[in-house]
Every structure is written in structure tokens, then in C-alpha cells.
Amino acid sequence: MTHHHFIANFTVARSEEPLNKEDFMSGEMVRWCPGCGSHAILNSVEQVFPRIGYKKENFMIVSGIGCSSRFPYYVNTYGFHGIHGRASAIATGVKLANPHLSVWIATGDGDSMAIGGNHFIHLIRRNVDVNLLLFNNQIYGLTKGQYSPTSPMGTVTKTSPQGTIEHPFNPGELVIGSQGTFFARVADSNQKMMTDVMFEAARHDGTSVIEILQNCIIFADKSFAGVTDKDVRDNRQLHLVHGQPMLFGKNKENGIRLNGTRLEVVTIGQNGVPLEDILVHDQYRADPGIHLMLAKMAPPLYPIALGVIRSASFSTYDDQVEEQVRIGKATGKYRNVDDLLNSGDVFDVK
Amino acid sequence: MHKRSKILELDEVVVKFAGDSGDGMQLTGTLFSDAAVKAGNDLATFPDFPAEIRAPHNTIAGVSGFQVHIGKHRILTTGDSCDVLVAMNPASLKANIQWVKPGAMIIVDADAFEEKAFTIAGYKDNPLDNGSLDSFQLIKASISTMTAEAVSELNVERKVADKTRNMFALGMMLFIFNRPLEPTIEYLHRKFEKNATMYEANKLVLQAGYGYADTLEVSRSIYMVSPANIEKGKYRTIMGNTATAWGLLAASERSGRPLFLGSYPITPATEIMVELAKHKSLGVKVLQAEDEIAGICSAIGASFAGSLAVTTTSGPGLSLKSEAIGLAVMTELPLVIIDVQRAGPSTGMPTKSEQSDLYQALFGRNGECPLVVMAASSPADCFYAAYEAAKIAMEHMTPVILLSDGYIGNGSQLFKIPKVAELAEIRPPLAKANDPNYKPYLRDPETLVRQWALPGTEGLRHRVGGLEKQNVEGNVSTNPANHQNMVDLRAAKIQKVADFIDEQTVLGEKDGDLLVVSWGGTHGAITSAVTALQGKGAKICLAHFKHIMPLPKNTEDLFKAFKRIVVCELNSGQFVNYLRMTLPGFKYHQINKVQGLPFMVSELVEKFNLLLENQ
Ligand code: SF4
């Protein structure tokens with residue numbers, strides 16, 4: 001792909017033999033509720049890891065706390081189940097210590113947007129080359145149903161009996177606001193798209209954030225029904241494909257057009273709108289303006305954007321760390337600690 | 001030229017340079033110390049920074065000081081009070097006069113004692129004229145005026161000339177202490193390589209100060225401090241925080257595990273990060289994290305991935321790291337946590353030193369959460385303490401909290417340069433690729449230590465985390481008997497470290513009337529006080545602890561041989577209470593001080609005497 005330069009100096013070793021899903025199943029009993037959207041995410045990861053093709057031992061999954069964060073136990077890789085909110089910080093350390101690993105973070109809206117908000121934005125700002133799966137179910141599941149930073153305003157939960165009075169975060173907006181280089185959104189109900197997007201995330205150099213609209217069947221069931229139900233999804237989902245016009249609707253009759261500085265929904269042929277007016281998705285553009293507008297689109301005025309919204313190429317933090325170490329070693333004064341100990345003002349006592 | 005009429009031989013001298021924060025006192029003190037080192041003296045130094053970066057001009061809050069203690073014998077403290085005070089303005093005189101010995105020499109820049117300046121400092125009238133300094137050897141030098149004269153031929157601005165006033169004071173001091181000017185001139189030459197005018201100005205002023213001192217009646221007695229009788233070898237001076245950083249680098253090189261530091265800036269620990277950030281050539285990776293928590297969590301991630309992982313902080317930061325320390329205990333990963341203590345609680349007094357984080361280090365976590373706690377005892381010892389902390393962390397797969405403090409962290413001392421190859425070997429328990437018997441929590445029967453299986457190694461994929469694990473297998477477990485077992489194993493693993501550390505030593509005889517017990521950064525003052533009393537025939541000894549958790553195995557036996565035990569520390573009694581709990585069979589006396597100041601040798605001597613008398 002011509003737009004996409006691979007600048008990483010440090011690549012992950014590839015497996016010599018072909019791998020399959022079974023290679024990544026840990027055999028540990030999966031403890032999510034039956035019908036929870038997380039099962040589909042696990043399934044996608046087990047499918048995409050062999051497709052990515054790195055050696056089994058070079059995958060590493062890090063998580064925080066919450067329903068999502070049981071994830072590492074279920075995948076047969078190196079895994080680290082951290083503490084609440086800190087998965088991004090732990091993963092940063094892993095990746096810096098060993099840039100030859102493919103590092104994945106499993107986290108939720110509470111874990112990454114509330115208690116771990118600081119680590120989340122700084123991971124993205126640094127552009128550490130890791131992949132972050134954001135299980136967004138708009139609720140605290142493991143603690144049994146309190147509102148989260150992504151719960152829509154007015155959501156009634158155990159801790160908001162009269163409805164929430166907080167503005168929710170839109171994860172995509174937060175990612176792009178934090179200088180994010182990769183943001184994608186998928187629904188747990190679309191396994192194929194989820195797997196494809198994970199594959200793209202793995203190929204991206206830098207922090208790849210995938211927001212997964214994950215249904216919590218117990219405490220926030222049908223939170224995303226307004227965009228994922230069969231009868232509405234064609235008109236309420238825009239599937240983004242790089243290089244393709246942004247079309248949606250049962251027969252792809254609707255599209256997104258740039259009108260001045262705003263996006264608008266149009267119907268091809270209506271009011272003389274030709275196909276050429278429809279925006280063509282460029283996920284690789286450096287300027288985040290359109291990506292931000294796409295991330296913010298929501299019903300009722302707009303469809304929700306799914307797929308890879310942004311995948312811009314910037315240097316990664318871990319590559320630059322390695323580069324500084326390389327330059328340090330090539331030009332530094334000290335070859336070893338003895339040199340350092342004996343540097344500067346040293347004198348002999350006889 | 002006056003003849004140098006009298007030479008005063010001194011065993012030791014304490015000198016303090018003090019001025020406004022922009023007056024260059026740190027540099028002056030450092031250069032004076034370098035001259036002493038080159039003359040073969042032993043020394044200890046301590047910079048006394050103002051809490052504010054640029055406090056208002058001429059205020060007490062803006063006073064910056066540098067104290068140096070030099071001697072012809074081993075110097076262990078920076079000195080209780082000074083024999084010479086150089087005060088560049090009224091505020092620096094006011095702030096330091098309480099620490100000046102009666103009859104000591106005080107050199108002031110008389111030009112700086114204008115009404116406005118001494119009023120801001122809190123004097124009602126000029127202290128140079130009101131007789132309040134009659135008991136001192138006061139030298140009123142017009143330093144500003146003479147500095148301006150010295151550089152007049154260079155046509156530099158007054159503001160620029162004023163910046164060199166510190167060199168005038170230094171020149172005077174070098175004359176008074178009979179030191180050559182050349183090394184300082186060479187230093188100036190290097191420093192101002194690209195600025196010939198500044199070099200000239202500083203040099204002229206330095207020489208002017210030297211020449212001026214020569215004309216003074218009072219300084220015709222030259223102070224001589226003969227070379228100290230120190231062990232043969234290669235030496236340098238080293239700051240405690242630098243020594244800590246270097247000890248970690250040495251441990252990384254010796255163990256073959258790359259060094260990773262995840263930290264957040266905090267006074268007085270920041271210099272460790274600053275130092276390590278310089279050494280990319282030695283393969284160090286430093287992450288200046290977004291907060292204290294990210295600092296330690298990134299270090300835990302790096303540890304899992306195979307680095308010698310370190311986080312550095314001070315008290316408030318240690319509080320923030322507590323939960324993550326528990327994670328490192330639970331996952332049984334090596335981690336070095338360095339707490340350069342300062343006066344607390346909360347923000348407390350960031351630039352003042354204290355030993356009040358011991359409880360936090362020992363107990364400040366949820367659950368049954370044991371780890372190794374150590375303390376460094378001097379600036380030079382920071383090197384060895386950091387090295388040993390890293391060795392224990394890796395060999396015993398545990399977090400280690402190393403307590404330093406602001407006093408030894410910022411202080412400096414002579415340091416005999418070791419050879420890395422001669423330091424104790426470090427053998428991390430790395431798991432072998434494709435080991436069919438590998439289990440995450442399978443333990444070495446002798447040490448109870450689990451293996452370190454690094455991601456990327458074939459055949460060792462496994463998962464760890466903060467949830468309780470089944471021993472050996474490492475699966476998540478809430479089994480009651482297993483939890484009991486794991487709690488016991490984690491505690492026993494830490495106790496077993498005692499089998500691998502040095503026995504506690506005693507300074508003095510194996511028995512006696514009084515055993516002084518101390519730990520950490522008070523080593524210098526307490527040793528000085530104990531040796532002084534030993535010199536007078538008192539049956540007093542010192543056990544200064546480096547290992548706190550676990551205690552050295554011989555501690556109890558050692559305590560038994562003394563009639564009285566007194567525990568001295570810069571807190572309200574944290575170590576003494578820990579000893580009461582751990583070794584309850586003894587009656588412990590205690591000496592405590594919580595003023596943000598180190599112990600003074602004189603106050604210790606006085607208190608020890610009382611304990612020796614009232615047997
Ligand atoms: S509580 Fe909700 S999010 Fe958690 S496992 Fe059950 S369904 Fe999934």
C-alpha cells in the first residue's frame with residue numbers, strides 16, 4: 001500500500017510453520033456471561049493471531065481490571081493481568097523492554113476512560129506500537145452495573161437512579177484529541193469486520209485503538225441496538241473502506257458529503273447529488289479533521305462510522321527509544337560501567 | 001606582599017558558602033571542595049537549596065547554601081556547625097548565623113548590606129555595624145566594588161560583572177586555605193571555552209579575591225588541613241543520587257539484564273532519573289512517565305519482559321505506587337523501588353530530609369504483602385546499596401524498596417572506585433526455552449523463588465497477574481488452603497533472603513554498656529558520635545542497619561550482649577517499633593528527631609552520655 005510506510009526498525013519474528021486458532025486457545029474456562037459480546041472478541045483474536053503470523057511466543061496480552069480484562073487468561077500467549085486502569089502503562093514497559101513483541105491490550109471503558117484515563121491518553125500521545133482493544137459496553141459490568149464514562153447522558157443505573165448527568169466520552173474523539181494515529185470502531189456482532197480491523201491494527205506502527213461496541217447482556221443490554229439491530233443497521237452504519245466512497249443504506253444509496261466545513265448525509269441522485277460528490281475515505285491522511293468528524297458521527301443525524309477511521313503514519317515512541325540507544329552506543333563516551341566510574345575528575349591515593 | 005605569618009594546622013574544617021539563589025554558591029562550594037579533594041582531604045558536602053526555584057531577591061526563602069566538611073581524617077558528616085561562613089547578602093547571614101561556631105570566621109560582601117537588603121532579610125539595623133557579630137572573626141569585604149574594579153578593563157556591564165562576585169569569594173577562600181588557583185582557572189577555561197570575555201572576567205575576579213585576602217590582617221593566618229590518611233586506590237567524589245544510578249547500571253551490566261527506569265520527577269529523587277537518562281550508551285531505557293503510577297507500572301511491564309526494572313520516587317510518590325507494588329509482590333517479579341525520603345506527611349518539606357517512610361515501606365500496602373526493605377547509609381554507599389537491591393530483586397524475584405534520603409541523595413563524598421567485575425555476581429533465575437517442566441509458580445526449594453520466563457522465549461507461554469494464583473501451576477485460584485499457602489510462601493520467601501545477606505556488623509566491641517542502633521542516612525553523624533565516645537573509653541558500640549526486612553540473622557544474638565539498646569532515627573520511632581514487634585525480648589530506648597534536619601554529632605554525644613551515665 002503506497003500510502004503506508006513501514007518505518008519500524010524492530011519487527012516481530014514470523015512463525016515458520018502455519019498456525020491456527022487452536023494454537024492460541026488456553027483451555028482456561030471462559031467465565032464471561034453467556035451471550036456477552038466479549039466471546040466474539042476472543043474468537044476474533046484467536047482467528048487473527050494465526051493470520052498475522054508471528055511466532056506464538058511473540059504475542060503478549062496485557063489487561064487491566066474489569067470483565068474485559070480477564071482476556072489474557074483465555075488466550076495462549078504470554079499474558080499479564082494488571083491492576084485497574086494501568087494496562088496501558090504496563091504494556092508500555094513491555095514494549096520498550098522488548099520491541100520484538102506484538103503487544104495487545106484488553107481494556108474496557110471504565111478501565112481506560114475513567115481510572116486509567118491518564119495512561120490511555122499518554123500511551124496514544126507517545127504512539128507506542130501496541131494494539132488496544134477497547135471493550136466499550138457503556139457500563140461497569142464486573143462491579144454489577146454502575147454507569148461508566150461512556151454511558152449516554154441520562155442512563156439509569158444503580159449509581160444513577162435518576163439518570164446520569166455527565167457528558168459521555170466519545171472514545172474516537174479522545175483518541176484523535178490525544179494525537180492518535182490509529183482509530184477503528186467495530187461492533188461485536190460483526191465478526192468479519194472485527195477480525196479484519198484487528199489485522200490492520202497489527203500492521204499499523206503506533207498505538208492502534210479499536211473501539212468495540214460490546215454488548216453487556218446483563219447490565220446494559222441493547223445499548224447499541226439502535227445501530228446494530230438488523231432492521232436499522234443498513235441505514236445507521238457506515239462501513240469505511242479506504243479508497244472507497246462513503247456509502248451506506250440497503251442499496252448503498254446514501255452517502256457522506258463534505259459541505260463547507262461539515263459532513264452531511266445525502267442521497268445519490270436526489271437534489272442532483274452525483275456519486276462524485278461523496279467523500280472518498282482516506283484513512284492514511286495525516287490531517288485528522290475528517291477522521292474526527294467521522295468518529296463523532298452518530299444517529300439520528302448521521303450513521304455511525306465503523307471500520308478503520310484513521311491510520312496515519314508517524315514515528316513510534318519505541319522505535320525512537322531504540323534509535324536513541326543506538327546513537328548513544330555509537331557515539332557515547334562510555335563503553336561500559338567501568339569507563340563511567342573512571343570518568344571525569346578521578347585521582348589516585350598512593 | 002605580606003608575609004604569611006601564621007599557619008594554623010586543623011584536623012577538620014566546616015565551611016559554608018551562602019548567598020542569594022542566583023549568586024552561584026553551589027558552583028563556588030563545588031570548586032572549593034574540588035580543591036580540597038585535590039589536596040588529599042577527605043570530605044562530605046551538602047547543598048542546601050531553597051524550596052523555590054527563584055524566590056524573591058534577598059529574602060531568606062531565596063538563600064542557597066553549600067556546606068563542605070573537609071578533614072585530614074575520615075569525614076562522615078557535613079558538620080554540625082561551621083568554622084567559616086561566606087555570606088554574600090544579609091539574608092544568607094541571617095539564615096545561617098545559628099549554625100556558626102563562636103569565634104568562627106565570617107566573610108561578607110559588605111556592599112550587599114544596604115538598608116533595603118538587610119530590612120528584607122529581617123534585620124532592624126545593619127548587623128555588620130551593630131556589634132552583634134563581635135564574637136566572630138568578621139571580614140567585611142567590599143566584594144561587589146572590588147569585583148567591578150577587577151573587570152573594569154573588560155568593559156562588561158555591571159550585571160555581568162556581578163555574576164562573577166562568587167569568584168571573588170572563592171579566590172579569598174583559596175588563599176585562606178592555601179590552595180593553588182590553577183585548577184580553578186583551568187576549570188573556568190573549560191567552562192567558558194566559547195566565551196572568552198566571561199573566562200577573563202571570572203579569572204580576573206578570582207585572582208583579585210586571592211590577592212585581596214593576602215592583604216588582610218586577619219587572614220594572615222593560613223588554615224592548613226593536611227591530606228587525610230585514606231586507603232590507597234582510585235577515588236572520585238560522588239553525589240548519593242548519582243551513586244544510586246551508577247549502582248543500578250553496574251547491576252545491569254553484571255547481571256546481563258538491560259536497565260529500564262520508569263519514573264516521574266519528584267524532589268529529591270529526580271537526579272537519579274536525570275543521571276540515567278544520560279547513559280543511553282550503556283543501553284538504559286528511561287521513560288519519564290505521565291505519573292508515579294505509570295512509572296512503576298511501566299517498570300513492572302519491563303520486568304515481566306526481562307529488564308532490571310526500577311522506579312524512583314520520594315514519599316508521596318511511594319504512596320501512589322502502593323497498589324502497583326502489591327502487583328509486583330503478587331506476580332513475584334523483580335523490581336527496585338527507590339524512595340529518596342523527604343519530610344512528610346503529604347507534600348511536607350520537599351527539600352528537607354527525614355526517615356519517616358519506613359512504615360510505609362514495610363507496611364503500606366493492602367493484603368499480606370511482604371517485600372525486601374533496605375536502606376543506604378551514605379552518598380557513596382548508595383552505589384553498593386542500589387547494586388545489592390538489584391541483585392536481591394532479581395535473584396529472589398521480589399520487589400525491593402531501597403530507602404535513601406534527601407540528605408545523602410544530594411550530599412557528596414569521596415568514593416573509592418570499584419571494578420565492576422569484582423562486585424558480587426548476579427544470577428537471575430531465568431527459565432530455559434522449551435523446558436517441559438516449566439510452571440509459572442514452581443519454586444526453588446531452597447529460596448522459594450519462581451523462575452523468570454521472558455516473553456519471546458519458545459515454549460514458556462504463561463499468564464500472571466494480580467489475582468491469587470494456584471501455587472506451582474499459576475492458574476487463577478480462590479481455594480482457601482491455597483491462599484493460605486501462598487501467603488505463607490510469599491512471607492517465607494522474603495525471610496529466606498536473610499540466608500543470603502551479610503551478617504550485621506558492630507562498630508566496636510561485641511558487648512558493652514550501650515548499643516546504638518541506627519539505619520540509613522544517619523550513619524555519618526551516629527558513627528562520629530559513637531567513635532568520639534569510644535575514644536574517651538566509653539563501652540558504646542554501633543549496629544547500623546542496611547537490611548531492615550528481613551533483618552540480618554544474627555541481630556537478636558548481637559542485641560543480647562549489651563546492657564542497653566538505643567535506637568536513633570529521624571522519625572518518631574518507626575524502626576524501634578518494628579524492632580519491638582520483631583524482636584520483642586529487649587527494652588529499647590529511643591532517640592528521635594523530626595525537624596527536617598540531620599542529627600548533630602554534639603546532640604547525639606550528649607544523649608548517649610546520659611544513657612551511659614544512668615545505667
Ligand atoms: S457482566 Fe456484562 S460485560 Fe461482564 S461478562 Fe457479563 S455480559 Fe459481559
Side-chain angles (χ1 to χ4, degrees), chain A residues 13 26 28 55-63 65 72-73 76-98 100-101 118-119 121-122 321 324-338 340-342 344-350, chain B residues 34 37-38 40 230-237 246 249-250 253 258 260 262 279-285 287 289-291 293-294 297-307 309 323-324 326-327 331 417-421 454-467 475-476:
Chain A
S26 78
E28 183 119 349
K55 285 185 170 172
K56 291 179 285 205
E57 60 271 19
N58 287 344
F59 285 101
M60 165 94 197
I61 303 178
V62 182
S63 67
I65 294 290
Y73 295 118
N76 190 6
T77 61
Y78 283 93
F80 196 98
H81 180 202
I83 44 178
H84 205 10
R86 319 302 171 202
S88 293
I90 296 168
T92 299
V94 169
K95 184 68 183 179
L96 297 187
N98 186 352
H100 302 284
L101 298 174
N118 200 27
H119 312 306
I121 59 176
H122 287 278
V321 166
Q324 290 195 340
V325 169
R326 191 192 62 75
I327 292 171
K329 284 186 172 165
T331 61
K333 276 191 279 184
Y334 317 120
R335 291 155 302 149
N336 53 43
V337 177
D338 284 318
L340 174 64
L341 290 168
N342 288 285
D345 249 346
V346 169
F347 56 94
D348 274 305
V349 173
K350 297 202 181 78
Chain B
D34 286 352
V37 166
K38 291 208 172 89
I230 36 186
E231 205 186 326
K232 262 198 244 168
K234 268 192 165 180
Y235 283 83
R236 62 177 310 127
T237 55
W246 291 9
L249 286 166
E253 187 171 296
F260 177 91
H279 300 300
K280 303 265 168 25
S281 69
L282 300 173
V284 192
K285 293 174 187 172
L287 173 71
E290 55 274 21
D291 56 33
I293 297 171
C297 286
S298 62
I300 291 172
S303 170
F304 184 72
S307 292
E323 186 196 11
L327 177 65
T331 50
I417 300 171
K419 288 199 176 71
V420 174
L454 312 189
T457 315
E458 209 175 297
L460 301 179
R461 288 179 292 168
H462 68 284
R463 275 105 3 231
V464 296
L467 288 171
N475 300 325
V476 175

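Values below: all heavy atoms of this structure, side chains included; hydrogens, waters and symmetry mates excluded. Chain letters run A, B, ... following the sequence lines, proteins first and then strands; every chain starts at 1.
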Name the member of [options] that forms the most heavy-atom pairs with chain A at distances under 4.5 Å.
options                        : result
B:G233, B:G465, B:A305         : B:G233
B:V476, B:D34, B:V284          : B:V476
B:E253, B:E458, B:K234, B:R461 : B:R461
B:L467, B:I230, B:N475, B:T331 : B:L467
B:L287, B:T237, B:L249, B:I300 : B:L287
B:S307, B:S303, B:G326, B:A294 : B:A294

Let's test your reading of the structure: which of [options] forms the most heavy-atom pairs below 4.5 Å with chain B?
options                        : answer
A:N118, A:D345, A:V321, A:V325 : A:N118
A:N98, A:T92, A:L96            : A:L96
A:Q324, A:M60, A:K56           : A:K56
A:R86, A:K329, A:H119          : A:H119

What I'd like to find out is whether the side chain of [X] reaches to under 4.5 Å of the side chain of [Y], using heavy atoms alone.
X      : Y      : answer
A:I83  : B:C297 : yes
A:Y78  : B:L460 : yes
A:N336 : B:V420 : no

Do other residues, nucleotides or ligands put more than 12 heavy atoms under 6.0 Å from the NZ atom of B:K38?
yes
To the nearest 0.5 Å, how far apart are [atom1] in [X] and [atom2] in [Y]?
X      : Y      : atom1 : atom2 : answer
A:D348 : B:K232 : CG    : NZ    : 11.0 Å
A:H81  : B:L327 : NE2   : CG    : 9.5 Å
B:T457 : A:N58  : OG1   : CG    : 9.0 Å
A:I90  : B:I293 : CD1   : CD1   : 11.0 Å
B:W246 : A:L341 : CH2   : CG    : 6.0 Å

What part of B:P258 gets closer than 4.5 Å to chain A, counting heavy atoms only: side chain, backbone, both or neither?
neither
Residue part contacting chain A, namely of B:A309, when any heavy atom lies under 4.5 Å:
neither
Please name the pair of heavy atoms, one in B:S281 and one in A:G332, separated by the smallest distance, quoted to 0.1 Å.
CB-CA, 3.8 Å
Looking only at heavy atoms, the pair that brings A:Y73 and B:R463 closest together is CD2-CB, 4.0 Å
Which residues share a ring-ring contact (aromatic ring centres under 6.0 Å, His included) with B:F304, sequence neighbours left out
A:F80, B:H462
Please list, chain by chain and in numerical order, all residues satisfying ring-ring contact (aromatic ring centres under 6.0 Å, His included) with A:Y334, sequence neighbours excluded.
B:H279
Given that the side chain runs from C-beta out, which part of A:R326 has a heavy atom under 4.5 Å from chain B: side chain, backbone, both or neither?
neither
